[in-house]
Trainee: 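The following block contains the structure, expressed as structure tokens.
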Amino acid sequence: MTRWAETADEELLAALSDTQRAHNAIETRMLSLVAEIEARGLAAERGFTHTADLVQTVQRVGSGVAKARVRVARKVTPDRTLQGEELPAPLPSTSEALASAEISYDHAHVIERTLAALPAHLVAHHAETLERDLAEHARVLDPDALRKVGKHALAMLDPDGPRPRDVAPVRNRLRFTERGTGFEARGWFDSESTAVLRTALSPLAAPTGAHESGSCEDPTCDHAAGERLPDPRSAAEREGDGIVELARRMLQVGDLPTENGNRPQVTVTITLDDLRDLRGSGAGLLEAGDGIGRGTLRAEDARRIACDAGIIPTLLGSDSEPVDVGRRHRVVHTALRRALAVRDGGCAFPGCGIPARWTDAHHIRHWAHGGETSLANTVLLCPRHHRLLHHGEWTVEITDGAAMFHPPAWSGAPPGRNILHRPDLIGVLPAPRRDVERVSRDALIG
């Protein structure tokens with residue numbers, strides 16, 4: 001390893017420049033690899049949905065990064081005809097600058113996004129010139145400055161700006177966004193739906209006092225006969241409480257459709273010791289029926305909920321149904337699916353956030369090959385990762401009570417678990433590790 005502390009100033013600064021050029025060259029090589037992988041159709045052959053899916057899963061980068069790499073790779077890599085003849089890259093000037101390591105991937109990404117924003121009626125006459133100019137500016141500007149140049153260029157070419165669009169919603173919608181210790185709900189409803197919703201909410205959101213006249217134990221409280229104390233809640237707070245009460249009553253009536261054989265239900269996962277310990281400060285997991293609103297719950301609140309519901313053991317159903325049904329059944333039944341939802345929380349593939357309600361129960365050892373329909377031989381997978389597992393290059397096993405996934409050898413990645421759905425396992429289960437051959441940095445940039 002180079003001892004930079006002993007390097008002269010000029011050499012140190014030159015080394016920084018050289019290293020950036022090497023970094024640019026590696027990024028260009030990455031784009032070439034991505035383009036070749038897509039050209040050969042390797043993603044579909046290996047069980048992935050598309051090339052970006054392969055890049056995200058194998059390289060462990062974000063979905064947006066993976067999609068951007070694929071988009072840029074398509075634009076800066078020369079294409080080939082069916083006869084093998086090489087065609088110029090769609091962004092030839094950018095491709096040339098990348099090949100000389102004079103610009104980085106970030107520059108290319110800015111150029112690709114700027115060209116994508118060029119209005120369709122201007123593409124024929126201005127795209128080629130704009131791309132060439134941006135590639136030249138990229139040699140002397142950082143990506144942030146280049147982005148500003150691109151915005152100025154678009155504004156000059158299209159002074160009227162984007163064509164107006166009618167952004168008024170046309171379908172009912174409701175979105176929950178995590179905020180603090182709860183969730184913020186935002187949405188839009190058409191007039192008829194709003195009338196139905198507000199009619200149902202009206203009796204549940206009516207103002208109510210803290211207590212009726214004559215029932216107050218506070219000697220300083222003074223109000224006339226028949227009067228209630230003013231409701232301290234705002235109208236918005238009353239309607240918020242009302243919609244929760246409306247949903248609570250619907251769940252109690254039980255007149256809702258089932259999902260994957262289960263009635264909609266709020267699930268609380270907590271250890272029996274924490275539930276029993278009246279003096280402890282334990283916590284559990286609270287999960288909405290959609291599997292998305294998963295959060296923590298104080299043990300004392302779990303005890304309150306348990307007072308109004310039957311306690312369902314992890315390994316037994318509400319009627320003591322056996323979860324491990326052996327080979328008598330091929331289809332995963334309700335009791336087993338409930339146990340899988342408790343154990344996996346959702347799709348068990350590392351990094352996947354799909355909730356349990358949208359997953360399939362996958363037999364680790366196929367039922368047709370002697371595998372049992374049991375908790376130890378099944379795992380929840382979303383359709384995308386279910387297809388990937390059935391392709392055969394990835395394997396999964398249940399260790400320490402959780403699913404462990406082993407990637408194909410060519411990926412160079414270690415095995416992994418998904419604890420996005422089970423934050424209670426952080427620091428409890430050992431982090432998966434695998435000894436891999438380390439490649440020197442000199443070899444990487446050589």
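We use all heavy atoms of the structure for the numbers below, so side chains are in, but hydrogens, waters and symmetry mates are not. Please read all numbers here as calculations on a predicted model, not as lab measurements. Residue indices begin at 1 and follow the sequence shown.
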Trainee: Using modelled atom types and a 3.5 Å cut-off, is there a donor and acceptor pairing between side-chain atoms of R132 and backbone atoms of S93?
Mentor: no
Trainee: Rounded to the nearest 0.5 Å, what separates atom CG in D18 from atom CG in L13?
Mentor: 11.0 Å
Trainee: A quick test of your reading: do over 12 heavy atoms of other residues, nucleotides or ligands sit less than 6.0 Å from CG of D9?
Mentor: no
Trainee: Is the closest side-chain heavy-atom distance between E38 and V34 below 4.5 Å?
Mentor: no
Trainee: Rounded at 0.5 Å granularity, tell me how far CD in E239 sits from CG in L246.
Mentor: 11.5 Å
Trainee: Using side chain to side chain contact (heavy atoms under 4.5 Å, CB included), reason through R69 and V65 one step at a time and then give a plain yes or no.
Mentor: CA-CA 6 Å; R69 283 184 182 177; V65 172; 3.9 Å; yes
Trainee: Any heavy-atom pair between the side chains of L381 and D360 that's under 4.5 Å?
Mentor: no
Trainee: Is F349 close to L389 at the side-chain level, that is, under 4.5 Å between some pair of heavy atoms?
Mentor: yes
Trainee: Within the side chain of T57, is there an N or O that forms a donor-acceptor pair under 3.5 Å with the backbone of L54?
Mentor: no
Trainee: Heavy atoms, side chains only, cut-off 4.5 Å: are L420 and C352 in contact?
Mentor: no
Trainee: Can you tell me if N377 uses its side chain to pair, donor with acceptor, with the backbone of R365 under 3.5 Å?
Mentor: yes
Trainee: Enumerate the residue pairs fulfilling salt bridge (Lys or Arg N to Asp or Glu O under 4.0 Å) with a member in residues 84-110, sequence neighbours excluded, ordered by first and then second residue.
Mentor: E102-R139
Trainee: Looking at side-chain heavy atoms only, is the closest gap between S104 and E27 below 4.5 Å?
Mentor: yes
Trainee: Looking at side-chain heavy atoms only, is the closest gap between H385 and W394 below 4.5 Å?
Mentor: no
Trainee: Just do the side chain to side chain contact (heavy atoms under 4.5 Å, CB included) check on L375 and L336 with the steps written out, would you?
Mentor: CA-CA 7 Å; L375 187 63; L336 176 54; 4.1 Å; yes
Trainee: Measure across Y105 and L98 and return the closest heavy-atom pair with its distance rounded to 0.1 Å.
Mentor: N-CD2, 4.3 Å
Trainee: Quick test of your reading of the model: are E36 and R40 salt-bridged, counting only N-O distances below 4.0 Å?
Mentor: yes
Trainee: Just jot down the ring pair (Phe, Tyr, Trp, His ring centres under 6.0 Å) partners of F48, sequence neighbours excluded, or say none.
Mentor: none
Trainee: Keeping to residues at least two apart or across chains, list the salt bridge (Lys or Arg N to Asp or Glu O under 4.0 Å) pairs with something in residues 107-128.
Mentor: R71-E112
Trainee: So do the side chains of L134 and L115 get within less than 4.5 Å of each other, counting heavy atoms only?
Mentor: yes
Trainee: For residues 51-66, which residue pairs pass the salt bridge (Lys or Arg N to Asp or Glu O under 4.0 Å) check, not counting sequence neighbours?
Mentor: D53-R384
Trainee: Quick one: which residue pairs count as a salt bridge (Lys or Arg N to Asp or Glu O under 4.0 Å) with a foot in residues 393-416, not counting sequence neighbours?
Mentor: R46-E393, D400-R417
Trainee: Go through the structure and list residues passing ring pair (Phe, Tyr, Trp, His ring centres under 6.0 Å) with H362, not counting sequence neighbours.
Mentor: H386, H390
Trainee: State, yes or no, whether a side-chain contact exists between H137 and I103 at a heavy-atom distance under 4.5 Å.
Mentor: no
Trainee: Would you compute the distance between atom NZ of K75 and atom CG of L31 and round it to the nearest 0.5 angstrom?
Mentor: 14.0 Å
Trainee: Just wondering, more than 12 heavy atoms not from E184 lying within 6.0 Å of its CD?
Mentor: yes
